[in-house]
2 protein chains.
Amino acid sequence: MVFQEERITEIGKKLHQAGMKLTPQRRATVSTLLEYQAKHLSAEELFTLIKQEEPEIGLATVYRTLDLLTELRIADRVTFEDGVARYDLRCENQQHFHHHLLCSVCGKVEEIHEDLLVEVEQEVLHKYGFKVQDHRLTFHGVCSSCSENTKQSEHGD
Amino acid sequence: MVFQEERITEIGKKLHQAGMKLTPQRRATVSTLLEYQAKHLSAEELFTLIKQEEPEIGLATVYRTLDLLTELRIADRVTFEDGVARYDLRCENQQHFHHHLLCSVCGKVEEIHEDLLVEVEQEVLHKYGFKVQDHRLTFHGVCSSCSENTKQSEHGD
DNA sequence: TTCAAAATGCTAACTAATATCAGGAAGCAT
DNA sequence: ATGCTTCCTGATATTAGTTAGCATTTTGAA
């Protein structure tokens, strides 16, 4: 929890650098993002959670804050196939957005924090002249535990 | 155009295998997808275009057909940051969805049809036990022509 | 031709996200 | 303190993309 406070103060500084304030509403939003880090929560889901800490907050403010954090690259917005925007705090000193593994059997979303695309992005620059600043990479497939289960039930047959 | 007919007939077979019919509406949808291949059109954009061929078609039918084609893996749905679903016909015999380059300066969307992720997917299988079936990869950055322009205006200063 | 299943068109409903706008708080010079 | 400006907020209306419901039509097999 101490780390949280440090992290929030640090984010507050970034806001001030951009000429903005760390209001109680924004503090509560960041704090909730920290608490549910890497859970890929939607704005509405976050809204419900943030209300527990800051009951007076309005939905629009949550949207505005998330936009703000995304612009300042403090948070990342990602949209999966359902078309709903989800938000994660960007890990400290992380250059790129992390990757996701989406299991088509159980629906679970895993994360990969190592950057698998360093070489691929070199290739993209050389072949297509495209300067990559960021990426979105999601794999669709079957997670380890679901493949285990499939194997077992095959043995059962 | 002959190729188109062949392709449509082939898709018709796939539908029949799944116990479904190639109705005039579905034919027109597929035909329009073929015509505007890899243009990442939204359902509403497609609806407008399809109407030229099949004026009586309803928007809901277009949505239903696109869902159907996506389920049968004849088409691919992709959602960029605006949250709007866009559709491309999957190229024949193409195992994986193609990649996208999204220019943050001019907003252009380029495509990469070669599969850059073969090795990465091997890695994902070995390290995380995740069996990749498909992927979504979008790079955000600056396209070649926009970097050219930037260079030139820097010289101009 | 008859009949059931599948597919369609229309429209209402739903949902995520944005815009609007009147008020409120913070910062700063006076 | 006082006024002034700028930024921020909450409530609400609005928009846009998508889905659901339902009566009607089409299709293909018996």
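A note on names: the letters A, B, ... follow the listed sequences, proteins ahead of strands, and every chain is numbered from 1.
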*Could you tell me which residues satisfy side chain to side chain contact (heavy atoms under 4.5 Å, CB included) with B:K127, sequence neighbours excluded, listed by chain and number?*
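Once residues adjacent in sequence are excluded, the partners of B:K127 under the side chain to side chain contact (heavy atoms under 4.5 Å, CB included) criterion are A:E114, B:E123.
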
What is the distance, to the nearest angstrom, from the [atom1] atom on [X] to the [atom2] atom on [N]?
X     : N      : atom1 : atom2 : result
A:K51 : D:dT9  : NZ    : C1'   : 14 Å
B:R86 : D:dA16 : CZ    : C1'   : 13 Å
A:I50 : D:dT9  : CD1   : C1'   : 14 Å
B:H40 : D:dG17 : NE2   : P     : 18 Å
A:F47 : D:dT9  : CZ    : P     : 14 Å
A:R27 : C:dA26 : CZ    : P     : 14 Å
B:E44 : D:dA16 : CD    : P     : 10 Å
B:F80 : C:dA17 : CZ    : P     : 18 Å

*Name the residue closer to the 5' end of DNA chain D, choosing between B:H16 and B:A85 according to the nucleotide with the nearest heavy atom.*
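This one resolves to B:A85.
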
Could you go through residues 19-33 of chain A and list every donor-acceptor pair under 3.5 Å that involves a side-chain atom there, pairing it with any protein atom two or more places apart or in another chain?
unit_1: A:T23; atom_1: OG1; unit_2: A:R26; atom_2: N; d: 3.2
unit_1: A:R26; atom_1: NH1; unit_2: A:K21; atom_2: O; d: 2.8
unit_1: A:R27; atom_1: NH1; unit_2: A:E5; atom_2: OE1; d: 3.3
unit_1: A:T29; atom_1: OG1; unit_2: A:Q25; atom_2: O; d: 2.8
unit_1: A:S31; atom_1: OG; unit_2: A:E53; atom_2: OE1; d: 3.1
unit_1: A:S31; atom_1: OG; unit_2: A:E53; atom_2: OE2; d: 3.2
unit_1: A:T32; atom_1: OG1; unit_2: A:A28; atom_2: O; d: 2.8

*Between D:dT18 and B:Y63, is there an OP1 or OP2 to side-chain N/O distance shorter than 4.0 Å?*
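So the side chain of B:Y63 is within the cut-off, an N or O lying under 4.0 Å from OP1 or OP2 of D:dT18.
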
*asked:* Please determine whether a side-chain nitrogen of the Lys or Arg among B:E10 and B:R7 lies less than 4.0 Å from a carboxylate oxygen of the Asp or Glu.
replied: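 A salt bridge is present here (some side-chain N lies under 4.0 Å from a carboxylate O).
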
*Nucleotide by nucleotide, 5' to 3', does protein get under 4.0 Å of the base (B), only the sugar-phosphate (S), or neither (-) in nucleotides 5-11 of chain C, counting heavy atoms?*
-SSBBB-

*Can you list every pair that meets ring pair (Phe, Tyr, Trp, His ring centres under 6.0 Å) and has a residue in residues 10-36 of chain B, with sequence neighbours left out?*
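Passing the test, one end in residues 10-36 of chain B: no pairs.
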
*Could you list all the ring pair (Phe, Tyr, Trp, His ring centres under 6.0 Å) pairs where at least one residue sits in residues 46-73 of chain A, not counting sequence neighbours?*
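Residue pairs passing ring pair (Phe, Tyr, Trp, His ring centres under 6.0 Å), neighbours aside: none found.
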
Please output the side-chain donor-acceptor pairs of residues 38-45 of chain A that fall under 3.5 Å, not counting sequence neighbours, one pair per line with the distance.
unit_1: A:H40; atom_1: NE2; unit_2: A:H100; atom_2: NE2; d: 3.2
unit_1: A:H40; atom_1: NE2; unit_2: A:E111; atom_2: OE2; d: 2.6
unit_1: A:S42; atom_1: OG; unit_2: A:E45; atom_2: N; d: 3.2
unit_1: A:S42; atom_1: OG; unit_2: A:E45; atom_2: OE1; d: 3.4
unit_1: A:E45; atom_1: OE1; unit_2: A:S42; atom_2: N; d: 2.7
unit_1: A:E45; atom_1: OE1; unit_2: A:R86; atom_2: NH1; d: 3.4

